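Because the structure is a prediction, the values reported are computed rather than measured.
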Amino acid sequence: MLFTLVCAGWEGTAHDTRVFINAVLSNRTDQISLPMPSVGKYYVVDAGYPNIPGFLASFRGQRYHARDFIGRHQPRGKEELFNMRHSSVRNVIERSIGVLEAEKDELFEEGEREREQEFDDTEATSSGSNEEHITFDMSQTAEMAHVREEIATSLWINYRQN
């Protein structure tokens, strides 16, 4: 429940990709740039965003929402299982956005205390920021599609064994 970047001020009708490109690739000096996630970590984005390194999108054309899997409607393949788990993570994101307007949320405050402790520990051992910032070539979409496929396969193998 940690916000890395909030890009406010867009109209509700603005397309996801337009907001994404502006937030990530803008060369404007008055904007904060989005740091690249560390190896093996990804920003969870919906299928409307570009499939590029560091950004993990769901599979298009597959069931996605938790309500699609209620009762006997279990995932029928690795893409559906991936989407079910992806949806679960996105629910945490949506809840995090919701608690921004809440006066008090115990779980959010607990997470904030833990994050502050981690930040204090990291700051004590760090001698400065060497974050990478996002740059990409559209040809890299195949690379991220492969990563997503590997994750989906691993999830499916574990799911079938249990």
One should read off an interatomic distance between R148 CZ and T141 OG1, to the nearest 0.5 angstrom, of 10.0 Å

Using a side-chain heavy atom cutoff under 4.5 Å and only I, L, V, M, F, W and Y, what cluster partners does F82 have?
Y42, L56, F59, F69, L81, M84, M144, V147, I151, L155, W156, Y159

Tell me, please, which residues at least two apart from R67 pass salt bridge (Lys or Arg N to Asp or Glu O under 4.0 Å).
none

Which residues satisfy the side chain to side chain contact (heavy atoms under 4.5 Å, CB included) test with Q161, sequence neighbours excluded?
I157, N158

For E94, the salt bridge (Lys or Arg N to Asp or Glu O under 4.0 Å) test, sequence neighbours excluded, returns R90

Between A57 and A47, which heavy-atom pair has the shortest distance, and what is it?
CB-CA, 4.3 Å

Listing request: all salt bridge (charged side-chain N to carboxylate O under 4.0 Å, His left out) pairs with a residue in residues 75-85, at least two apart in sequence or in separate chains.
R63-E80, R76-E80, K78-E149

Taking every heavy atom of N83 against every heavy atom of Q62, the minimum-distance pair comes out as ND2-CB, 3.3 Å

About how many Å separate OG of S96 and CG of N91, when rounded to the nearest 0.5 Å?
10.5 Å

